[in-house]
Amino acid sequence: MICALCNANEANKKNTHYLTDSIIRTCLNEDGSNVREKGFYFKMSSKTPYVNFNFQRGTSIQNLEETLGRLPTEDEIEKAKKIPYSVDFVFCNECEDIFTSIETHFIERILPALREEDHEETNELELEDVKVIKMFFYLQIWRTSISVDSFKVNTDAMEDLRISILNYEQLNIEDIPNFPIHITYLNVVGEQINYTSNIICIINEQNSNIIIMNDFVLQFFENAESVNKIDFHGLSDYDNYLELVNTNNSIFKFKIFNNEERLAFMLKLQRIEKVQKSISALQQIFVELWVSIFSNVPAPPIVDLYVAYLVVDNNDLLLLTQETVTHKTTEFIAGFLR
């Protein structure tokens, strides 16, 4: 394969993160640390009622058993060898150096102004290094669209992004593509472990491309005409939303959610986007299974009992993995077969 960025070299690079590792790592790790490959992660999709759960290869077996209530399967252990949010043989070593340059500039120049400052009383933040900020978030959008089938940006926009990333070092501020982009920073307070209440989620709907990567929420629009204030669990629920869709290169504005707003957003996102939709789908699966075994439709109280047995805590995504749902459904029906 040819590298997707330069369109010239062989795509010889393994384990290229399409979401920047040093940004998402504290969210993935079981203790909120910056240690590589240690902790759990989830993928949520509207295409399945289940949560795709995985863990990183440095995660302790004891912690896995305590969290899952069982030992990991051989298939899960094999999956853990794959680094999350990364791809193999899509990019080349030379282009990986370009990615690293963009990421390093953001981490050194911009990230301290966000993660190392107290933003609990802040609603908005303005920063001047527009080239570094925009190119970092453009990089996340472009690499994700290249790497994730369900997340697609139109061909013309992708080509503009590719060229600007490829020529990052030589770009002047007037050369940066002026795609509207809205960034919400989710302020985390307290200990590092509190980052683990954040999630990583990739959404492509309602004419909006959304990436939630730990404490950053990216909303990318392909052109000015496609900018819309979508109803997404309170993310855009304030009057001056359009003022923070960065449509020029003079200054970059971040929307800030304080810690309470962050937790409320995460709760709504997980409960509505995944848990509630999954429960509805799993109810239908349960009814069909019940009919196949007992040759009658279960009474509504039985369905309610099943849901209560299946999902004790509406915020625990681990209860919605296919392995856990299968195990608990088998247990529940077995109680009626005795």
Side-chain angles (χ1 to χ4, degrees), residues 17-41 56 58 84-85 98-141 143-144 168-169 173 176 181-201 210-220 234-235 238 240-241 243-246 249-267 269:
H17 286 88
Y18 54 86
L19 295 179
T20 299
D21 176 60
S22 57
I23 297 297
I24 66 176
R25 193 184 305 154
T26 54
C27 169
L28 295 176
N29 285 352
E30 59 195 6
D31 54 2
S33 70
N34 272 309
V35 178
R36 284 182 180 269
E37 300 183 29
K38 180 173 178 285
F40 311 135
Y41 63 96
Q56 299 175 84
Y85 304 101
I98 297 174
F99 301 155
T100 299
S101 178
I102 295 172
E103 292 169 324
T104 299
H105 288 162
F106 181 86
I107 290 163
E108 291 180 351
R109 300 182 195 176
I110 306 303
L111 197 59
L114 293 159
R115 286 189 177 174
E116 296 178 15
E117 300 292 335
D118 179 4
H119 295 295
E120 277 301 278
E121 303 298 326
T122 306
N123 294 320
E124 302 170 13
L125 180 67
E126 295 184 355
L127 295 177
E128 295 181 351
D129 204 339
V130 176
K131 173 184 172 179
V132 169
I133 297 169
K134 278 197 171 182
M135 291 308 301
F136 174 78
F137 290 119
Y138 286 169
L139 177 62
Q140 313 305 314
I141 293 291
R143 284 191 308 201
T144 300
Y168 170 71
E169 294 293 348
I173 191 68
I176 299 173
I181 187 167
H182 182 286
I183 306 296
T184 303
Y185 179 68
L186 308 174
N187 195 48
V188 179
V189 300
E191 300 177 355
Q192 283 289 107
I193 196 171
N194 292 336
Y195 279 96
T196 62
S197 59
N198 289 340
I199 65 171
I200 298 169
C201 189
I210 301 175
I211 298 176
I212 302 169
M213 47 185 298
N214 197 356
D215 44 348
F216 293 93
V217 183
L218 292 64
Q219 292 176 271
F220 175 85
L235 186 65
Y238 53 93
N240 66 333
Y241 171 80
E243 295 176 18
L244 276 80
V245 176
N246 293 275
N249 292 337
S250 61
I251 199 163
F252 197 94
K253 297 181 179 181
F254 292 83
K255 175 64 180 176
I256 307 291
F257 275 13
N258 64 33
N259 194 57
E260 183 178 344
E261 291 170 324
R262 172 185 73 89
L263 291 172
F265 170 67
M266 286 296 170
L267 185 62
L269 178 67

* **Test log, rule side chain to side chain donor-acceptor pair (under 3.5 Å), inputs Ser101 and Glu169** => CA-CA 9 Å; Ser101 178; Glu169 294 293 348; 2.5 Å; yes
Polar side-chain atom of [X] near backbone of [Y] as donor-acceptor pair, under 3.5 Å:
{"X": "Lys131", "Y": "Tyr168", "result": "yes"}
{"X": "Asn249", "Y": "Ile173", "result": "yes"}
{"X": "Glu261", "Y": "Asn258", "result": "yes"}

To the closest 0.5 Å, what do you measure between [atom1] ([X]) and [atom2] ([Y])?
{"X": "Glu128", "Y": "Ile110", "atom1": "CD", "atom2": "CD1", "result": "10.0 Å"}
{"X": "Ile212", "Y": "Met266", "atom1": "CD1", "atom2": "CE", "result": "5.5 Å"}
{"X": "Phe254", "Y": "Asn123", "atom1": "CZ", "atom2": "CG", "result": "15.5 Å"}
{"X": "Arg143", "Y": "Ile211", "atom1": "CZ", "atom2": "CD1", "result": "10.0 Å"}

* **Phe252 and Phe137 aromatic ring geometry - parallel, tilted or perpendicular at 30°/60° bounds** =>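 It falls in the parallel class, under 30°.
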* Geometric class of the His119/Tyr185 ring pair [parallel <30°, tilted 30-60°, perpendicular >60°] ->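 The rings of Tyr185 and His119 stand perpendicular, inter-plane angle above 60°.
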* Asked: With a 4.5 Å limit on heavy-atom distance, are the side chains of Thr122 and Glu117 in contact?
  ->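 Side chain of Thr122 against side chain of Glu117, heavy atoms only: no contact under 4.5 Å found.
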* Is a side-chain donor-acceptor pair under 3.5 Å present for Gln219 with Tyr241? ->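 Indeed, the side chains of Tyr241 and Gln219 share at least one donor-acceptor pair under 3.5 Å.
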* To do: Indicate whether the side chain of Lys134 and that of Asn246 have a donor and an acceptor atom separated by less than 3.5 Å.
  =>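 No, because no side-chain N or O of Lys134 sits under 3.5 Å from a partner of the opposite role on Asn246.
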* Please say whether more than 12 non-hydrogen atoms of neighbouring residues, nucleotides or ligands are located less than 6.0 Å from CD in Glu120. =>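 Yes.
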